[in-house]
Structure formats: C-alpha cells, structure tokens
Amino acid sequence: MKHIRWDMLALPLAGIALGLFLIFRPFSATAALCSLVGWLLLLAGGIGIVNALAFQRATWLSSPLLPFSVAGAIIGLFFILSPNMLVSLVGVIVCVFLLVTGMTNVQAGIQRRRWGDRAWWLPLIVGVLCVGLGLYTLFAPGATAAFIMRLVGVMMLCSGLVNLLNMLDWRE
C-alpha cells in the first residue's frame with residue numbers, strides 16, 4: 001500500500017500557505033520582506049564592523065571592508081525603521097525597467113516597419129503597454145510592490161499545488 005511521507009508534504013503546503021498570504025495580504029508581506037532585508041543588512045554590516053575592528057584591527061583607511069560594513073548597517077537600520085522606503089525603491093526600479101523596455105520595443109517596432117517586416121506592430125504594442133505600465137508605476141509605487149507580491153504569491157501557490165500533486169502521485 002502506498003503511504004504519504006509527511007516530511008515531503010510540509011514544503012508544498014508551506015508554499016501554498018505563503019502563496020495565499022502573498023496574494024491576500026501583499027502590503028503586510030511587502031513590509032515584512034523589507035524589514036527582513038533591513039535586518040539582514042544590519043546583521044551583515046554589524047558582523048563586518050566587528051570583523052574589521054576586532055580581528056583585523058582596521059582603521060577607516062586600512063580596511064576597505066569597514067566603510068561598506070558601516071554603510072550596510074546604516075542602510076539596514078534605515079530599512080528597519082522605514083520599510084516603506086524600500087517599497088518605493090522597488091516601485092522606482094520596476095518603473096525604470098518598464099520605461100526602458102517599452103521605449104526599446106517602440107523603437108524596434110518603428111525600425112521593423114522601415115525594414116518592411118509584416119509583424120512590426122507586435123513590438124510596438126508591447127512597447128506602448130510597457131511604457132503605460134511604467135508611467136503607472138511611476139505614480140503608484142506602492143501598488144506596484146503589491147502587484148509584484150501578488151504575482152509572486154500566484155507563482156508560489158501554483159508551484160506548491162504542482163509539488164503537492166506530484167508528491168501525492170509519487171507516493172511510495
């Protein structure tokens with residue numbers, strides 16, 4: 001008789017639960033992720049400072065690690081105290097990416113039309129859509145971060161469901 005390995009069931013169920021959380025609570029998930037990034041930067045900066053000062057007996061001029069460690073610790077503390085700043089930063093990065101990609105596609109569509117390509121309108125439409133999304137993300141960076149979290153949540157939910165179905169079908 002086939003049996004379920006409960007230890008292999010935990011990861012797909014955790015993926016499904018996390019995916020649902022990201023879909024239904026994207027702002028809480030974004031704030032938690034930004035705080036986590038802040039804590040990791042603070043921890044890495046603190047360890048780098050201790051390493052540079054205690055073990056290398058470094059000064060500001062003799063160790064290239066020390067200024068980067070201090071900067072990392074300060075940035076991490078800043079992200080911990082104001083996680084919404086990182087959310088806005090993610091929105092700006094997505095905005096720039098979409099605008100550059102959109103402009104490139106518009107230019108490619110125009111160039112392909114000059115060359116006589118019959119499918120010149122495809123990159124043009126994709127480019128216009130990307131520019132439109134880029135402009136939207138410029139004015140709504142928080143909504144952009146929530147959209148990205150929901151998208152990641154859908155991907156995690158699908159991955160968890162596929163892994164769960166595979167695990168149930170692949171029982172020993």
Side-chain angles (χ1 to χ4, degrees), residues 7-108 126-163:
D7 59 331
M8 293 181 65
L9 186 64
L11 194 58
L13 291 178
I16 292 169
L18 185 58
L20 289 172
F21 178 70
L22 292 175
I23 291 169
F24 293 115
R25 302 290 306 244
F27 293 107
S28 300
T30 303
L33 181 65
C34 293
S35 294
L36 176 67
V37 169
W39 281 107
L40 290 174
L41 283 171
L42 182 64
L43 180 67
I47 290 172
I49 291 169
V50 169
N51 182 32
L53 294 177
F55 299 115
Q56 297 176 3
R57 292 186 174 60
T59 63
W60 286 100
L61 298 175
S62 67
S63 174
L65 178 66
L66 189 58
F68 289 115
S69 298
V70 170
I74 290 171
I75 291 170
L77 190 60
F78 182 70
F79 286 157
I80 292 168
L81 297 177
S82 61
N84 292 334
M85 181 60 70
L86 188 57
V87 172
S88 298
L89 184 64
V90 168
V92 169
I93 291 169
V94 170
C95 170
V96 169
F97 176 76
L98 285 171
L99 287 174
V100 168
T101 302
M103 299 280 197
T104 304
N105 282 339
V106 167
Q107 182 182 10
V126 170
V128 168
L129 288 174
C130 283
V131 168
L133 280 172
L135 291 175
Y136 174 72
T137 60
L138 179 66
F139 297 110
T144 302
F147 173 74
I148 291 171
M149 280 295 170
R150 282 191 174 115
L151 186 63
V152 170
V154 167
M155 292 179 352
M156 289 189 74
L157 179 64
C158 292
S159 175
L161 287 172
V162 167
N163 289 339

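Along the sequence shown, residues carry numbers from 1.
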From [X] [atom1] over to [Y] [atom2], what is the distance, rounded to the nearest 0.5 angstrom?
| X | Y | atom1 | atom2 | value |
| --- | --- | --- | --- | --- |
| Thr101 | Leu133 | OG1 | CG | 11.0 Å |
| Met156 | Ser159 | CE | OG | 7.5 Å |
| Asn163 | Leu9 | CG | CG | 11.0 Å |

side-chain hydrogen bond (donor to acceptor under 3.5 Å, both in side chains) contacts in which one or both residues fall within residues 26-36, not counting sequence neighbours: Arg25-Ser28
[X] versus [Y], closest heavy-atom pair with distance:
| X | Y | value |
| --- | --- | --- |
| Pro83 | Ala31 | CB-O, 4.0 Å |
| Leu98 | Gly134 | CB-CA, 3.7 Å |
| Leu66 | Ala52 | CD1-CB, 3.9 Å |
| Met103 | Val131 | N-CG2, 3.8 Å |
| Ala29 | Phe21 | CB-CE2, 3.8 Å |

task: Find out whether Leu43 and Trp39 are in side-chain contact, i.e. whether some heavy atom of one side chain is under 4.5 Å from a heavy atom of the other.
output: no
message: Do Leu99 and Leu135 make a side-chain contact, defined as non-hydrogen atoms from C-beta onward lying under 4.5 Å apart?
response: yes
For [X], check side-chain contact (heavy atoms from CB on, under 4.5 Å) against everything at least two apart and list the hits.
| X | result |
| --- | --- |
| Leu157 | Ile16, Leu20, Ile23, Leu161 |
| Ser69 | Ile49, Leu65 |
| Tyr136 | Ala140, Ala143 |
| Val126 | Asn105, Cys130 |

query: Among Leu77, Leu81, Ile75, which residue meets the side chain to side chain contact (heavy atoms under 4.5 Å, CB included) test with Phe79?
result: Ile75
field: side chain to side chain contact (heavy atoms under 4.5 Å, CB included) partner of Leu40, the single match among Val37, Leu42, Leu36
entry: Leu36
